[in-house]
Amino acid sequence: MLLIRCPYCATERPEIEFRHGGQAHVARPADPSAVDDAAWSEYLFFRDNPKGVAAERWRHVHGCGRFFNCLRDTVSDRILATYPAGAPRPTLGAEGAR
Amino acid sequence: MKFSFASVLSNALGGNAAWPAQWRSPEPKASYDAVIVGAGGHGLATAYYMAKERGLTNVAVIEKGWLGGGNTGRNTTIIRSNYLWEESEAIYEHAMGLWQELSTELNYNVMYSARGVMMLAHDRHDVETFKRHVHANRLAGIDNEWISAGEAKAFCPPLDVSPTLRFPVVGAALQRCGGVARHDAVAWGYARAASAMGVDIVQNCAVTGIRRDPSGAVAGVETSKGFIGAKKVGVVAAGHTSTVMAMAGVRMPLESYPLQALVSEPVKPFMPCVVMSNKIHAYMSQSDKGELVIGAGTDAYTSYSQRGALHISEHTLEAICELFPAVRRLRMLRNWGGIVDVTPDRSPIIGRTPVAGLFVNCGWGTGGFKATPGSGHVFAHTLATGEPHPIAAPFSLDRFRTGRLIDEAAAAAVAH
């Protein structure tokens with residue numbers, strides 16, 4: 001079970017307090033009727049699915065109830081950073097590049 | 001060599017010292033007509049049907065680890081074809097048909113046992129859903145029937161159907177031709193038969209790149225054993241499909257999750273069938289060794305860790321202990337995780353990709369084992385002809401652009 005630090009509550013809590021929300025930083029096209037089928041399909045269905053560092057959304061459903069983002073290594077499951085929704089993806093130092 | 005009563009007897013008299021290796025382990029040639037990436041059940045079945053039905057034997061199956069060491073060796077071996085949509089019914093029933101004679105076809109005992117798969121209903125919603133599935137299946141000529149809780153108890157005596165359970169059993173959908181097979185034997189049988197026809201199976205050979213010619217078409221694969229040329233490459237890499245396809249610059253609508261299973265200490269036979277409960281996330285059967293084979297759910301998040309979290313298997317064991325009180329004091333021997341590639345509509349992707357000569361067979365998610373023969377059979381057609389097999393045609397990568405999804409709610413509950 002992961003221990004996840006909620007950036008709003010500023011505490012590390014067990015994974016079962018949270019709900020996974022899929023890949024982070026996926027922006028909905030501003031004008032859906034203006035994009036073609038390929039771009040709309042990309043937004044709806046295609047994901048990075050990286051073997052390595054992934055940026056993903058979590059929601060602290062049994063805490064503050066808010067969405068935040070998280071960088072996690074999908075091979076070791078080690079959490080490298082958590083940061084509020086809307087904030088840019090942080091650049092990782094030597095620890096994250098490991 | 002052919003397995004027969006005479007060969008078993010003569011080798012027994014010789015102390016079983018003279019059995020030859022079941023497949024060759026060649027070094028890869030410089031080029032092949034086709035290369036299949038991934039020597040799991042689906043990849044090996046593809047190679048087998050290419051050789052047997054298409055006469056294409058200048059084929060290599062490239063495997064990063066050892067054959068059958070990925071999800072083929074990590075599943076719960078359940079076979080059924082009671083899917084809802086016509087497209088799914090066609091492909092899983094195609095596989096079900098091939099399972100019936102597979103041991104004879106391969107001259108290798110895959111231990112297919114049609115002991116029945118019973119899917120439990122716990123509330124009115126389950127009853128209506130399962131009855132809809134039963135009716136859809138019967139219209140398509142697929143074996144599936146609705147039975148009462150009492151009939152479920154008679155079919156599987158260890159099952160607790162008392163109305164006092166938190167989630168009482170109110171009925172079940174039963175597919176009598178469903179059952180289990182020996183997962184390793186499926187991979188080994190296909191490997192042995194394909195190798196005998198001239199297919200090269202190259203293990204411990206990781207694909208590190210996909211080379212393309214100036215026109216953009218596939219020219220071959222870069223591997224840890226050097227470059228291997230091929231005009232056709234079929235990627236059958238399950239949970240690692242996204243990473244392999246990324247080598248050719250192709251993005252996939254896939255997410256990879258750990259899916260756990262576990263087995264108990266072996267006990268005498270008491271579990272006559274496969275029981276699944278989608279509602280409370282549990283399924284169980286008993287292996288021929290006596291171990292109870294239990295399937296748990298996927299983790300909540302994407303991962304390549306091949307482990308899975310403890311609370312996921314605990315959740316499943318709570319449900320198992322409620323349904324089967326007799327197993328409460330059993331110890332669990334082993335648990336493990338496989339990395340499953342899940343599509344947005346829980347149906348597989350079989351066919352062409354935007355890159356000429358590059359084909360993919362993936363997205364089987366949490367339920368690929370049952371489809372192994374059918375998946376290999378239709379993908380062999382695709383690789384041989386460049387055109388999708390009629391059964392595989394609806395499962396195109398393009399469906400995510402056109403919107404013709406196959407939203408398969410009868411995929412294992414753990415995928416939802």
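Per chain, numbering begins at 1; letters A, B, ... match sequence-line order.
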**Under 3.5 Å: donor-acceptor pair, side chain of A/His20, backbone of B/Tyr301** =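 Absent.
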**Message:** Quick one: does any side-chain atom of B/Ser303 pair with a main-chain N or O of A/Thr74 as donor and acceptor, under 3.5 Å?
**Reply:**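 Confirmed, B/Ser303 side chain pairs with A/Thr74 backbone.
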**Request:** Answer yes or no: is there an ion pair linking B/Arg251 with A/Glu42, defined by an N-O contact shorter than 4.0 Å?
**Result:**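 A/Glu42 and B/Arg251: salt-bridged.
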Atom [atom1] of [X] and atom [atom2] of [Y]: how far apart are they, to the nearest 0.5 Å?
X        : Y        : atom1 : atom2 : result
B/His311 : A/Met1   : NE2   : CE    : 4.5 Å
A/Arg78  : B/Ser305 : CZ    : OG    : 13.0 Å
A/Phe45  : B/Glu255 : CZ    : CD    : 12.0 Å

Please flag which part of [X] lies under 4.5 Å from any non-hydrogen atom of chain B: side chain, backbone, both or neither.
X       : answer
A/Arg72 : side chain
A/Pro50 : backbone
A/Trp58 : side chain

**Prompt:** Taking everything shown except B/Arg404 itself, do over 12 heavy atoms lie less than 6.0 Å from its CZ?
**Reply:**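 No - once you tally the heavy atoms of other residues, nucleotides and ligands closer than 6.0 Å, there are 12 at most.
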**Message:** For B/Glu86, is the CD atom crowded, meaning more than 12 foreign heavy atoms sit under 6.0 Å from it?
**Reply:**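 No, not enclosed.
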**Request:** Go through B/Ala300, B/Gly239, B/Ala309, B/Gly403 and name the one with the most non-hydrogen pairs under 4.5 angstrom from chain A.
**Result:**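 Highest number of heavy-atom pairs under 4.5 Å: B/Ala300.
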**Request:** Quick one: do A/Asn49 and B/Tyr257 satisfy side chain to side chain contact (heavy atoms under 4.5 Å, CB included)? Show the steps, please.
**Result:** CA-CA 10 Å; A/Asn49 200 23; B/Tyr257 292 91; over 6 Å; no
**Asked** What residue, out of A/Asp48, A/Leu44, A/Val75, has the most heavy-atom pairs lying under 4.5 Å from chain B?
**Response**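 The residue among A/Asp48, A/Leu44, A/Val75 with the greatest pair count is A/Asp48.
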**Message:** How close do A/Asp77 and B/Arg307 get, counting heavy atoms only, and between which atoms?
**Reply:**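 So the two residues come closest at OD2-NH2, 4.3 Å.
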**Request:** Assess whether side chain to side chain contact (heavy atoms under 4.5 Å, CB included) is satisfied between B/Tyr304 and A/Asp73, documenting all intermediate values.
**Result:** CA-CA 9 Å; B/Tyr304 290 82; A/Asp73 184 330; over 6 Å; no
**Asked** Is chain A contacted by the side chain of B/Thr302, its backbone, both, or neither, given a heavy-atom distance below 4.5 Å?
**Response**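 Both parts, heavy atoms under 4.5 Å.
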